[in-house]
Structure formats: structure tokens, C-alpha cells
Amino acid sequence: MGPEDSERHRDMSEPGFFSEVVEWFADPLHWEGSFGVPSRLVEHLIMSGVSVLAASILALPVGMYIGHSRRLETLVVSVANLGRAIPSFGLIFLAVLVMGLGLDFPASLRPAALFALTLLAIPPILTNTYVGIQGVDPDTLEAARGMGLTEGQVLRGLELPLAAPLIMGGIRTAAVQVVATATLAAVIGGGGLGRFILDGFATGDDAQIFAGALLVALLAVLTEVSLGLLQRAVSPRTSPGRRREVPEPTPVAGPAA
Amino acid sequence: MSFWNWEWVGTHLDLIGEKLGEHLWLTLLAVGFGLVVSFPLAILAHRRARTYPAITWVTGLLYTIPSLALFALLVPFTGLSTLTAEIGLVSYTLLILIRNAVTGLGGTPEDVKEAARAMGYSERGVLWRVELPLALPVIVAGIRIATVTTIGLVTVTALIGKGGLGALMLGGFRRLYPQIAILVGVALSVALAVAADRVLLWAQRALTPWARRTRSVTAT
């Protein structure tokens, strides 16, 4: 791809293009085998799921500890700021420099991609866990301690359930970013739905580029919506029949990639 | 050749500078146009609260679409061009800019507005002379987040032939440049993000000397 390619564009009103896209989706060859939509979707989901899980395992306990003990609070700020400043596009290539392409691994489990995606998912989970836990009403905690609850019981019985909507919100933000950025794994030869876009760029197949982009966009939106529902489900009821309002998150991290 | 190919860096400072300049230019264009598009929408949402959910729904949807997908959706129509890059980049700034502007404008205490009206301010006067100045810290906080986010996203446009510092990263990976170009690209991109954030923070403090320091950590 070079400047000379920038001449290649079409008219919005051109009817042929959208029928090409429909034909692409209708072609049974694009739904079969390891290069088909279902296998690429599964690769995308495995890659994203493993990364969000790994990031949760790392970030949840740390966020809980910092939120509960109020120690090392600057760590959260630093991680949040650093996570915002480092471009995920560059992070993937840095990971390749350190870990290599890892071509012996399955297309969904290339170490460089998993490493970069995990790092990307840590800041929102860490920040939200910390903010959720430290934001629990001190009077409530005082009352619980006065009733003789141990620190562990306070964390499990009070802080975690009250922070659950925010923690889930952090996992949702992380998951949406990871699903988005997993598209870039195709740039380093990994799998996932990004392959359709990247291969389309390489061969100049506009219909495939468009179809791949539609699939990626759809998956990102579905991730956002389904995890949003899950977030609502974990919000504790504070009064009978009325759910506690889920705090409206303000975006701190970007759409990543 | 070892990874630390400083000789290449030394002899290609003009290339690196050019990419840095392109990065900055793409960012400024995106945030500039983002402000132009978001400002009237924020005023509209502030004045007519019923339009706000629709505005956040559309901009939220744009925000959720992965950048590579958004660029790829545009490529068949606008080609591998700066226009394609900017449509995508501007789209991502809208949610952040509008949300912060609406939050900021809505934060003026009712009695302050009441006092302004009693002093003879028109509704327009209240907006421009009272609500807007008081909202500036929150608005600038939005511009900071949008700018830092955009600096990161510009790198992805390397895949559609632009990219600024992202072109160094992609070129380093594809062996168009030595691998150290990846590190140079990432380091300069982080530096640019930090510098832009500092400059905007300074500008905000200079513009609103009465404002206290804002909170540094919020939930995502």
C-alpha cells in the first residue's frame, strides 16, 4: 500500500459495491474451514477471552488490596496514565521484538498478541476495582467493623458487592478494548477477524475489507451490550424491587485500537 | 546488526522528525474538527436535555467500533487518504468531548445562574459569560483525554498509509526500517502524549485561575 493507492476509491452511490459485499457474505467458501468466518470468530474470542482473564487475575487482587488498604494509590494513577499514553498499536510490535512471532503457537494464542492485549486490559480493571472499593461509604465500613466483622469479611461481604458494578464496568471497558485491538493481531500474522481486513488490504479486495470491518464492528458492539447487561445484573439491590443505579462511567481510556 | 542501531537513528533524524510532525498534524486536525463538531451538539444537548440520549447513543456507537474496522469501512469510499484517517479520528473524539462539555455546562449551581439573570444577563449571556467559563476545567479535561487518545489512535492509520509515528512502528516490523524504529516510534508517541497532556493542563490552569485541581482518577 502506498500513496499511489490513494486514488482507489469509489462513489457511495455505486450499487455494485454493496452487492459485492452481500455476495462475499453469501459465498459458502467464506464460512468453511480454518479461514472461514466461524473459525476466525472463535480465534478472536479465544484471544480476547484469555487476555481479559489474565488481566483480571493480575489486576483484581491488586486493585482490591490498594482500594481496601489505601496503600500504593499512586500506582493506580501511574498505571492508568501509562496505559492511556502507550499506543496499543506499538505495544504489539514491542511484544514481537521481545517474544518473537511465535509461529509455533495456534493463531489465537500467539504470545506477543496475548501479552500486548493483557497489558492493555489491566488499566481499566485496576482503576475501576480501586475506585469501586475505596468509594464504599466509610460509615458503612465503620458499622461493619463495629459489629465485629474481620477485614476479610468486610472486603467480601461489603466492599466487593458494593463495588461490583464498577468492577464489572472496568472488565467491560477492558473487554471492548481488547476485542477491538485483537483485530490488530492479524498485522503480526495472528488470527482473528482482523485477518479479513488485512488480507483485503494486501489483495485490494474492497468487499472483503468492508465485510471484515462489519464483522469486527458487530462483535465489538455485541461485547459492549452483553457485558453492559451483565454489569446491570451484578448491581446489588438497595431497596426492594429497585436496583442500585449503575454509575455512569466517564470514558478515561480510549477505544484503544 | 544489533538491535540498538543508533547509527540509523542518527542518520534518519529528518525522517523521524517528519513522522513526528505528521503525527502532531493528524492529531491537531482530529481534535480541532472534533471540537467544531462536538461544540454545537453539546450546546444542543445542554439546552434540550431530551436530545442528549440520542447524541450519546450515536457517538457511543462510533466510539465502540474498533478503529481499524472504522478505517476499513471507509477505505472503499474515501481511499487510503488523510480524509479516511480524519473521519475515523474525529468520530472517536466526539463522545469524550460532548460528554465532558455537557457535564461541565450542567454543573453550574442554579443559584449562580439565578443571580446572573437577576443581574440582567440574557440566557445567551448566562451560557457564554457564566456557564461556559465555569465549565472550562471539565471541558479541557475532555480535550486532554481526547488528545491523548487520538495520539494513540493515529498510529493505527499506518495501516491505511498514514500513521505518523505509527509508520515508524509498522516499518520497523515489516523491515522497511531497522527494528529500532519500533522503539523510537513508541517512545516518541508516549512523549508526545505526555507533552500534549501537560500543555493542555497548563492551558487549563492559565484559563481558569479560580479553579481547584481536579481529581486525577476516575472510573472508566
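Residue numbering restarts at 1 for every chain, and letters A, B, ... go by the order of the sequence lines. The structure presented is a predicted model; accordingly, all values stated were derived computationally and were not measured.
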**Message:** For W24(A) and H30(A), take the angle between the two ring planes, folded into 0 to 90°, and tell me which bin it lands in: parallel under 30, tilted 30 to 60, perpendicular over 60.
**Reply:** parallel

**Request:** Could you check which of V194(B), T82(B), L70(B), V186(B) has the highest count of heavy-atom pairs closer than 4.5 Å to chain A?
**Result:** V186(B)

Can you tell me which portion of [X] sits under 4.5 Å from chain B's heavy atoms? Options are side chain, backbone, both or neither.
{"X": "I167(A)", "answer": "neither"}
{"X": "L82(A)", "answer": "neither"}
{"X": "L94(A)", "answer": "both"}

Option in [options] with maximal non-hydrogen atom pairs under 4.5 Å from chain B:
{"options": "G194(A), A217(A), G212(A)", "answer": "A217(A)"}
{"options": "T129(A), I86(A), V96(A), V187(A)", "answer": "V187(A)"}
{"options": "I188(A), L193(A), T223(A), V221(A)", "answer": "I188(A)"}

**Prompt:** Under a 4.5 Å cut-off applied to non-hydrogen side-chain atoms, are F173(B) and L101(A) in contact?
**Reply:** yes

**Message:** For L117(A), is there any backbone N or O sitting under 3.5 Å from a side-chain donor or acceptor partner on S51(A)?
**Reply:** no

**Side-chain donor/acceptor of S81(B) to backbone N/O of T78(B), under 3.5 Å** = yes

Donor-acceptor pairs under 3.5 Å, side chain of residues 52-61 of chain B to any protein atom, not counting sequence neighbours: which ones?
from, atom 1, to, atom 2, distance (Å)
T56(B), OG1, Y52(B), O, 2.9
T56(B), OG1, P53(B), O, 3.0
T59(B), OG1, I55(B), O, 2.8
T59(B), OG1, T56(B), O, 3.4

**Request:** Pick one of side chain, backbone, both or neither for L73(B), based on which atoms fall under 4.5 Å of a heavy atom in chain A.
**Result:** both

**Prompt:** Which bit of A72(B) comes within less than 4.5 Å of chain A, counting heavy atoms only: side chain, backbone, both or neither?
**Reply:** both

**Between Q134(A) and H68(A): side-chain donor-acceptor atoms closer than 3.5 Å** = no

**Message:** Quick test of your reading: applying salt bridge (charged side-chain N to carboxylate O under 4.0 Å, His left out), list the pairs with at least one residue in residues 180-198 of chain B, sequence neighbours left out, ordered by first then second residue.
**Reply:** R144(B)-D197(B)

